[in-house]
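Notes follow the structure.
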Protein chains: 2
Amino acid sequence: MNAQVKVPRISETEWEVMRAVWAGHPATAGEIIERLTAADPTWHPKTAKTLLARLVRKGALDYEAQGRRYVYEPLVSERQCVAAASESFLERVFGGSLKPMLAHFVESRRLSREEMDELRALLENGWSKGKRP
Amino acid sequence: MNAQVKVPRISETEWEVMRAVWAGHPATAGEIIERLTAADPTWHPKTAKTLLARLVRKGALDYEAQGRRYVYEPLVSERQCVAAASESFLERVFGGSLKPMLAHFVESRRLSREEMDELRALLENGWSKGKRP
DNA sequence: CGTATTGGCTTACACGTGTAGTCCATGAAC
DNA sequence: GTTCATGGACTACACGTGTAAGCCAATACG
């Protein structure tokens, strides 16, 4: 396992498309475009199509002809992409140090008490990982 | 305060340069290049110079001629850039939701007990913000 | 069936980015 | 003083990205 499929670099706009695909697949271009425009009406179908094609070329998506239209399927999982993007971000902006980054976020956004409690719970879970069945 | 100077978008490579500048300013191009090559010997001086010029054009750096050479000075603080980049990252990769992001990082990297304690401390501090002098 | 529409394929194009090279003036070294 | 090295300005160039338009075939509509 852990085949390291080498997640392609996903650009800003491409992320939006990918998330539309991850939201439910397989999905036709039409469906994907619908989701995109639902979230942001300024999306132009042609633009979305271009992005889909690029993502296929990049190896982030695959498609299968279904009749005369394509159904798209992600080739990389959201988890993988999130991990890759996070790693890159962490490296670039915080020089790879996790703690300053977490500190920044915790400070920058006022968390609600609940959010903080949840986060704390996460932390508990973290260091006793594997312990809880 | 909080003049919102509209932080310019700093690219991947430009971040390296900016961090070299933030590391100590004002600094001459030579000094900055030295820092860059110290961290990564593959840096080509010319490339660094190009980046410096671009950063000036972008409004991220300013310079002042000192004799026949320039001393550079950041126009945007690391804090500002970190905040902007973080915001953008959070938006793009986690759709703006802080909690999933924190969850991801806490899960993805095994934190040491101490790191977790520190983070917990941060959290405490967070919700009782302003309390600690 | 002819026509408008839909969906995919191809092409466009400007601006950003990574990565330098060239040109030129000035100052340092002899 | 002539030469070489340094430093900045300008130029280059390919590839990525955002943003589409044009072309063409099949399908749906009337």
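Every chain is numbered from 1 and lettered A, B, ... according to where its sequence line falls, protein lines coming before strand lines. Every heavy atom of this structure was used, including side-chain atoms; hydrogens, water molecules and symmetry mates were not.
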Using a cut-off of 4.0 Å on non-hydrogen atoms, how would the nucleic acid contact of A:Thr13 be classed: base, sugar-phosphate, or nothing?
sugar-phosphate
What contact category does A:Arg69 fall into here, base, sugar-phosphate, or nothing, at under 4.0 angstrom with non-hydrogen atoms?
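Sugar-phosphate, no base atom in range.
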In this structure, how many angstroms lie between the [atom2] atom of [N] and the [atom1] atom of [X], rounded?
X	N	atom1	atom2	result
B:Ile10	C:dG16	CD1	P	13 Å
B:Arg54	C:dT17	CZ	P	8 Å
B:Leu52	C:dT19	CG	P	15 Å
A:Arg9	C:dG18	CZ	P	9 Å
A:Lys49	D:dG18	NZ	P	17 Å
A:Gln66	D:dT27	CD	C1'	16 Å
B:Trp15	C:dG16	CH2	C1'	18 Å

hbond_proxy A:Thr47 side chain to D:dA20 base (donor-acceptor, 3.5 Å cutoff):
no
Can any side-chain N or O of [X] pair as donor or acceptor with the backbone N or O of [Y] at less than 3.5 Å?
X	Y	value
A:Thr28	A:Glu31	yes
B:Arg69	B:Gly30	no
B:Ser88	B:Ala84	no
A:Thr47	A:Trp43	no

Given the rule in the salt bridge (Lys or Arg N to Asp or Glu O under 4.0 Å) test, do B:Arg9 and A:Glu12 qualify, once you have shown the distances and angles that lead to the verdict?
CA-CA 13 Å; B:Arg9 171 184 285 276; A:Glu12 182 107 15; 3.7 Å; yes
Among residues 57-64 of chain B, which contact DNA chain D at a heavy-atom distance under 4.0 Å?
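Close to the strand, none.
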Members of residues 24-46 of chain A that approach DNA chain D, where some heavy atom sits under 4.0 Å away
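Per residue number, the list reads A:His44, A:Lys46.
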Of A:Arg68 and A:Glu12, whose closest DNA chain D nucleotide lies nearer the 5' terminus?
A:Glu12
Can you figure out which of C:dT17, D:dA20, D:dT17 approaches the side chain of A:Glu14 most closely?
D:dT17
Taking only the side-chain heavy atoms of B:Leu51 (C-beta and beyond), determine which of D:dG8, D:dT17, C:dG18 contains the nearest atom.
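Within the option list, the nearest is C:dG18.
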Are the side chains of [Y] and [X] in contact, using a 4.5 Å heavy-atom criterion?
X	Y	value
B:Lys49	B:Ile33	yes
B:Val56	B:Tyr70	no
A:Val82	B:His104	yes

Would you say B:Ser11 reaches C:dG18's phosphate, i.e. side-chain N/O to OP1/OP2 under 4.0 Å?
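Yes.
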From CA spacing to verdict: salt bridge (Lys or Arg N to Asp or Glu O under 4.0 Å), B:Lys58, B:Glu14
CA-CA 11 Å; B:Lys58 281 189 181 188; B:Glu14 286 165 353; 2.6 Å; yes
